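Just so it is clear, the structure is predicted and the values come from calculations on it, not from any experiment. First the proteins, then the strands, lettered A, B, ... as listed; each starts at 1.
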Protein chains: 2
Amino acid sequence: MNDTQAMEEAVEVLQQLGLKEYEARCFVGLSRLRAGTAKQLADLTEVPRTRVYDAIRMLEAQGLVEIQHSSPQQFRSVPLQEATETLRDQYEARVDRLHDALTTIEVVEKEDDAPIQQVWAMSGYVAIENRAIDLMEEAREEVVLVIGDESLVTDELLACVNDIPAGVEVLLGAVSNDLERELRRNVSGATTFVSGLEWLVGEGVEHREVAIGRLLLVDRSAILVSSIMPDTGSEQAIFGEGFGNGLVVIARRLMAQGLVRGKDPAS
Amino acid sequence: MNDTQAMEEAVEVLQQLGLKEYEARCFVGLSRLRAGTAKQLADLTEVPRTRVYDAIRMLEAQGLVEIQHSSPQQFRSVPLQEATETLRDQYEARVDRLHDALTTIEVVEKEDDAPIQQVWAMSGYVAIENRAIDLMEEAREEVVLVIGDESLVTDELLACVNDIPAGVEVLLGAVSNDLERELRRNVSGATTFVSGLEWLVGEGVEHREVAIGRLLLVDRSAILVSSIMPDTGSEQAIFGEGFGNGLVVIARRLMAQGLVRGKDPAS
DNA sequence: AATTCTGTCACCCGTATAATCACAAAAATG
DNA sequence: CATTTTTGTGATTATACGGGTGACAGAATT
């Protein structure tokens, strides 16, 4: 990666982490200056000199830079190691506070009527993976998991699959030979197979370039199907649970036919 | 904690974590509703109904809520466990990206002239603790640490002190008997003592209510002194290094007199 | 058929933040 | 010592974003 690119990247990320633009630019500036005055920083980062002071003060308050009160003042950034550690701590504290606050109010409001057909949509790679892991951890009899893209095979996922107790039957599918080999190499106690999932993309219908993400069926009563969007590359999923759930019923059908047929066990 | 308090707290923290107010309120609302429509959410959270949709979309994109595309749409939040996990992952990823970006540009700009007296100021409890730990980890001969307030005795700090290799002499001071006992109970391989640090607050000068935070001297060549501000309760520190550093020189003097005198070892 | 509900848009407005300017004290220069 | 540059603070303007409100068409309900 190019230096200027990297700097922009860093500024961007710092802003996502809650810093203002000037603050971010100043911090990045100090990262390559080791130590500097307001003027030097202003020249390097193109932050208006008179605004550098405010930005630095904010950064100092957050424990990210140090100030030497000489004349002219000198600024320098905390070592990268310390900075990331500080940010991390800050964040952990926040997440904990959130967790505490929310658990004290998890008082559920009226659990009323019919648990009808519910199909939920979710998006985002991280959230979907977490949900998938959650589901697998709760499996009591059977887990069927088909992976459509190697980018989805993370350490967490593999660890989770390997942690499934012995009493639970695990069927692990892949859409390509390579991927299946990869899976078999990293997983024990599971039956792996290759599955052409043509039926998923819609047999003969319009058939756009939506790539298959993953397909997870747990105890034949909860299903999660995800796709990789062609344009953005983001992952989108739908998810249903309950034995009577329409989506789950359809999924059971399809699995029985398309998956298990030429292959292995269970009706 | 009261429910409404907890909700406000949660909203606040969520905003610190990067969510907009409406998004935060909606998420908190869904946390106690298990599932709900836009109208229900609007009534509960006082977010304008027409704005609930935008907020939910953002939340969905971040993997924090699920949408059921029925009519009316139903929304529900991801289980708290998953939500915090997702947020944590997101954050880790950002910090990593930051780390990568900054290391690629850590090309130091001109390391020029005289390494004169440098005294740096920093503030914020987390940052100061991190710096203190850093310093102690680099100790090769001697660590002198005086604690002025029990709130500063964290697990990390204790762990760090206990991890100091045997070859390094450790002098651990406290400003009260109780605190010294506490320290001795949790630390091994260190000489503990009680030190009235009157001299730190300025003998007879104005003497405001600045509480002593910590005092750290490593290898007699780096020093960190912190105070607890009377009004805000925040921690502020100054820090100097280099054997010739003025601050360090003074510190050595003071230590030799005020600390070691009536007590223990080393000149 | 009438009414309520649902979802989308377009718009206003206040605040926060980016961006400039004015200025006095301090430092540097000759 | 006089002049010029640098430094730090404060005030001011411009702008973008997010909070807040209303209009409206289609769907659902009565």
Side-chain angles (χ1 to χ4, degrees), chain A residues 7-8 11-12 14-30 33 35-62 65-76 112-114 116-117 120-121, chain B residues 7-8 11-30 33 35-62 64-76 112-114 116-117 120-121:
Chain A
M7 287 182 53
E8 284 164 18
V11 169
E12 205 172 306
L14 280 169
Q15 285 186 271
Q16 290 175 355
L17 291 172
L19 301 198
K20 305 304 169 200
E21 186 184 331
Y22 285 169
E23 295 165 20
R25 296 237 292 273
C26 283
F27 183 80
V28 174
L30 283 181
L33 213 55
T37 66
K39 181 164 172 50
Q40 290 174 304
L41 255 188
D43 291 346
L44 178 64
T45 63
E46 293 180 311
V47 172
R49 186 187 59 83
T50 60
R51 302 264 91 207
V52 169
Y53 299 98
D54 310 69
I56 293 288
R57 260 191 286 276
M58 295 304 293
L59 289 170
E60 201 258 8
Q62 289 173 74
V65 309
E66 301 165 349
I67 301 179
Q68 186 182 15
H69 294 287
S70 49
S71 177
Q73 294 181 327
Q74 294 248 118
F75 313 123
R76 76 175 182 188
D112 43 3
D113 51 333
I116 42 164
Q117 313 271 6
W120 299 88
Chain B
M7 288 182 55
E8 284 164 17
V11 169
E12 204 172 305
V13 176
L14 281 168
Q15 284 185 271
Q16 289 176 355
L17 290 171
L19 301 199
K20 306 306 170 199
E21 186 184 330
Y22 285 171
E23 295 165 20
R25 296 237 292 272
C26 282
F27 183 80
V28 174
L30 283 181
L33 216 53
T37 66
K39 182 162 173 47
Q40 292 174 302
L41 254 188
D43 292 344
L44 179 64
T45 64
E46 292 180 310
V47 172
R49 185 185 59 84
T50 60
R51 276 316 182 81
V52 169
Y53 300 97
D54 311 66
I56 293 288
R57 259 191 288 277
M58 295 303 292
L59 289 170
E60 201 259 7
Q62 289 173 74
L64 295 178
V65 309
E66 303 166 346
I67 300 178
Q68 186 181 17
H69 294 287
S70 48
S71 178
Q73 294 181 325
Q74 294 250 117
F75 313 123
R76 76 175 183 188
D112 43 3
D113 53 329
I116 42 165
Q117 314 272 10
W120 300 89

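Among the atoms of the strands shown, base atoms are found under 4.0 Å from some heavy atom of A/P48.
The NZ atom of A/K20 sits 13 Å away from the P atom of D/dC17 (whole-angstrom rounding). At whole-Å resolution of the value, CD in A/Q40 and C1' in D/dT7 are 13 Å apart. Here D/dA28 presents its P atom at 18 Å from NZ of B/K39, a figure rounded to the nearest Å. In this structure, CG of B/D43 is placed 10 Å from P of C/dC5, rounded to the nearest angstrom. Put simply, CD on A/E23 is 12 Å from C1' on C/dA18, counting in whole angstrom units. Between the CD atom of B/Q74 and the C1' atom of C/dC5 there is a distance of 14 Å, given to the nearest Å. The distance from atom CD of A/Q15 to atom C1' of D/dA16 is 13 Å, rounded to the nearest whole Å. A straight line from CD of B/Q73 to C1' of C/dG7 spans 7 Å, rounded to a whole angstrom.
Remark: the B/T50 side chain and the D/dG20 base include no donor-acceptor N/O pair separated by less than 3.5 Å. Side-chain atoms of B/T37 stay outside donor-acceptor range of the base of C/dC5, with no qualifying N/O pair under 3.5 Å.
A heavy atom closer than 4.0 Å to some atom of DNA chain D occurs in A/R51, A/Y53, A/R57, these being the qualifying members of residues 51-58 of chain A.
For the atom pair A/I56 CD1 and A/L41 CG, the distance stands at 5.5 Å (nearest 0.5 Å). One finds the CD atom of B/Q74 at 6.5 Å from the OG1 atom of B/T37 (value rounded to the nearest 0.5 Å).
When the options B/T45, B/L14, B/L44 are evaluated for a side-chain contact (heavy atoms from CB on, under 4.5 Å) with B/V28, the one that passes is B/L14.
Contact annotation: the side chain of B/K20 never approaches that of B/M58 to less than 4.5 Å [non-hydrogen atoms, C-beta and beyond]. Looking at B/Y22 and B/F27, their side chains never come closer than 4.5 Å, going by heavy atoms from C-beta outward.
Partners of B/E66 under the side chain to side chain donor-acceptor pair (under 3.5 Å) rule, at least two apart in sequence or in another chain, are A/R131, B/R76.
Pairing each heavy atom of A/G36 with each of A/L30, the nearest pair is N-CD2, 4.2 Å.
Residues A/R49 and A/E21 both approach DNA chain C. Their nearest nucleotides, taken by heavy-atom distance, put A/E21 toward the 5′ side.
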